[in-house]
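Note that the structure is a prediction, hence the values are computed from the model and not measured. Convention: sequence-line order gives letters A, B, ...; per-chain numbering from 1.
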Protein chains: 2
Amino acid sequence: MRILIVEDEKPLREQIQSLMATEKYACDAAADGREGLFLGTEYDYDLAIIDLGLPLLDGSSLIKQLRAKARNYPILILTARGNWQDKVEGLEAGADDYLTKPFHPEELRARIHALLRRASGHASSVLRYGPISIDTSAKRVFRDEAEVELTSFEYNTLTYLAMHAGKNISKSELTEHLYAQDYDRDSNVIEVFVGRLRKKLDPEGTLNLITTQRGLGYRFNLDKQ
Amino acid sequence: MRILIVEDEKPLREQIQSLMATEKYACDAAADGREGLFLGTEYDYDLAIIDLGLPLLDGSSLIKQLRAKARNYPILILTARGNWQDKVEGLEAGADDYLTKPFHPEELRARIHALLRRASGHASSVLRYGPISIDTSAKRVFRDEAEVELTSFEYNTLTYLAMHAGKNISKSELTEHLYAQDYDRDSNVIEVFVGRLRKKLDPEGTLNLITTQRGLGYRFNLDKQ
DNA sequence: CTTCAACAATCAGGATACGCATAGTCAGTG
DNA sequence: CACTGACTATGCGTATCCTGATTGTTGAAG
């Protein structure tokens with residue numbers, strides 16, 4: 001999951017960033033509306049958290065512009081307590097939920113979970129793809145009823161691919177979603193981990209689990225059931 | 001265990017809160033139906049206690065809306081003595097049990113225990129996992145018929161893990177359910193307590209009681225019997 | 001058909017951050 | 001004021017992640 005934070009107050013921004021870090025979400029932060037618009041347009045986020053009172057470009061204009069550019073990820077807005085007009089304006093601009101400052105970190109976290117869950121539309125916690133099943137609440141993976149032990153990063157990579165089964169996912173999309181902004185592009189971590197996943201989940205290569213689309217990315221090849 | 005209380009009468013609400021505190025449950029309280037709906041929707045509770053006569057949004061509507069949003073934790077309703085219709089309506093809306101006011105704290109305590117136990121799929125108040133058994137009503141723990149003395153926090157950690165046996169429970173999920181509201185995130189309490197549990201319950205490490213899935217969480221490894 | 005460049009896979013070793021043990025501090029309680 | 005239990009601080013070991021070189025594969029150009 002990759003999350004965008006647009007918040008001008010540095011302490012709050014950093015607090016949110018560290019909260020996202022504990023959730024193992026990759027996140028980018030912008031300190032004003034302009035920068036927010038740039039990042040929000042440039043990258044494909046899973047969620048954005050936007051303060052309404054921003055320098056250079058205010059929150060609801062930012063949201064309007066993002067929506068106008070067909071950026072459809074869920075947006076959570078932050079408002080000062082009691083600013084009814086702002087809140088309503090933000091929601092009308094295209095935000096999905098709001099939170100009034102100050103808030104408890106727990107509250108923010110819960111909202112984010114709810115938005116992400118709603119966005120992905122996954123009701124059950126067990127995803128089945130033929131012989132492979134992924135229990136997202138237990139964070140365990142099985143092949144033919146036998147558990148396959150995955151590390152945290154392997155697990156994240158697999159679920160991202162599986163949740164976009166049938167689609168070509170480029171390596172850069174994967175790194176973008178699994179890592180925070182500043183990540184060394186010319187590394188081959190993804191290849192390494194895809195290799196590990198293939199070895200662990202399909203050592204004989206009979207499933208054709210993850211195929212390589214040269215120049216395009218990887219594709220998870222089992223249908224969801 | 002994390003519990004939600006929705007009750008408009010302040011004295012009663014606080015009485016219940018302090019009762020929950022003595023039980024070492026983390027709990028949040030709401031004074032009206034709206035707030036109750038918000039909290040109940042956004043957080044993952046283990047149980048909710050809801051008064052039927054509430055301002056802004058009445059109890060049974062609240063329950064209906066929670067259930068409609070797939071919030072499946074057990075709900076205990078509180079009714080004034082003799083309000084048959086209300087009680088029935090509440091149960092039909094999706095409550096699991098009721099209690100008529102005024103009630104003895106003991107009675108509330110017993111009902112809560114029963115509901116939590118039932119929710120985790122255990123009929124009796126003694127949970128058995130191989131050589132480990134947990135008596136949830138007496139809050140005592142045994143290994144091979146010998147009692148193991150646990151402190152209250154150790155006990156809570158153990159029961160939460162045991163009630164979700166087989167699942168990887170992240171440290172943040174543990175803190176969410178064991179502590180109320182905000183809690184300092186970069187602390188290693190959980191690690192310390194898991195360490196103590198292992199030492200007390202399985203000093204030789206023969207049971208493989210709680211395993212660590214680096215980056216994913218902890219897992220209680222004994223099957224329920 | 002062969003060659004070549006670009007891209008991908010593999011492997012092993014090093015760096016890092018995660019989790020653990022231990023000990024120490026602090027707060028509450030009798 | 002001693003005692004217990006909750007939490008913090010520190011250093012250490014190691015699983016996990018990342019790197020870079022090497023080997024393998026692909027597809028287009030000659």
Starting at atom CD of A/Glu191, determine the distance to atom P of D/dT19, rounded to an integer number of angstrom. 12 Å

Rounded off to whole Å, could you give me the CG-to-P distance for the A/Leu216 and D/dG27 pair? 11 Å

Rounded to whole Å, please give me the gap between CZ in A/Phe193 and P in C/dA8. 18 Å

Are B/Lys199 and C/dT22 close enough that a side-chain N or O sits under 4.0 Å from OP1 or OP2? yes

Pairwise 5' ranking along DNA chain C for B/Gln213 and B/Arg196, keeping only the more 5' one: B/Gln213

From CG of B/Asn168 over to P of C/dG19, roughly how many Å is that when rounded to an integer? 12 Å

Do A/Leu158 and A/Val141 come within less than 4.5 Å of each other through their side chains, counting heavy atoms only? yes

Atom-to-atom span, CG of A/Leu174 to C1' of D/dC18 - whole angstrom: 16 Å

If the threshold is 4.0 Å, N to carboxylate O, is there a salt bridge linking A/Glu147 and B/Arg219? yes

Any heavy-atom pair between the side chains of A/Tyr155 and A/Thr157 that's under 4.5 Å? no

Candidate pair B/Tyr218 and B/Leu161, rule side-chain contact (heavy atoms from CB on, under 4.5 Å), full reasoning: CA-CA 8 Å; B/Tyr218 294 103; B/Leu161 287 171; 4.3 Å; yes

Is there a side-chain polar atom (N or O) of B/Thr212 under 4.0 Å from OP1 or OP2 of C/dG19? no

Could you give the CG-to-C1' distance, from A/Asn188 to C/dC11, as a whole number of Å? 11 Å

In whole Å, I'd like the distance from the CZ atom of A/Phe153 to the P atom of D/dT16. 14 Å

If only side-chain N and O atoms of B/Tyr155 are considered, is one of them under 4.0 Å from the OP1 or OP2 phosphate oxygen of D/dA6? no

Decide yes or no on side chain to side chain donor-acceptor pair (under 3.5 Å) for A/Asp135 and A/Ser137, but give the supporting numbers first. CA-CA 6 Å; A/Asp135 185 332; A/Ser137 78; 3.2 Å; yes

Taking only N/O atoms, report every protein-nucleotides 11-13 of chain D pair under 3.5 Å with atom names and distance.
residue: D/dG13; atom: N2; partner: B/Arg214; partner atom: NH2; Å: 3.3

Qualifying salt bridge (charged side-chain N to carboxylate O under 4.0 Å, His left out) pairs, either residue in residues 197-208 of chain B, two or more places apart: B/Arg143-B/Asp202, B/Glu154-B/Lys200

Under 4.0 Å: is that the gap between some side-chain N or O of B/Thr151 and OP1 or OP2 of D/dT4? no

Are any non-hydrogen side-chain atoms of B/Tyr73 and B/Tyr43 less than 4.5 angstrom apart? no

Answer with base, sugar-phosphate or nothing: what part of the nucleic acid does A/Val192 contact at a heavy-atom distance below 4.0 Å? base

Can you tell me if the side-chain N/O atoms of B/Ser152 get under 4.0 Å from OP1 or OP2 in D/dA6? yes

Distance in angstrom units between A/Asn156 CG and D/dC17 C1', rounded: 13 Å

Within less than 4.0 Å of OP1 or OP2 of C/dG19, is there a side-chain N or O belonging to B/Lys171? yes

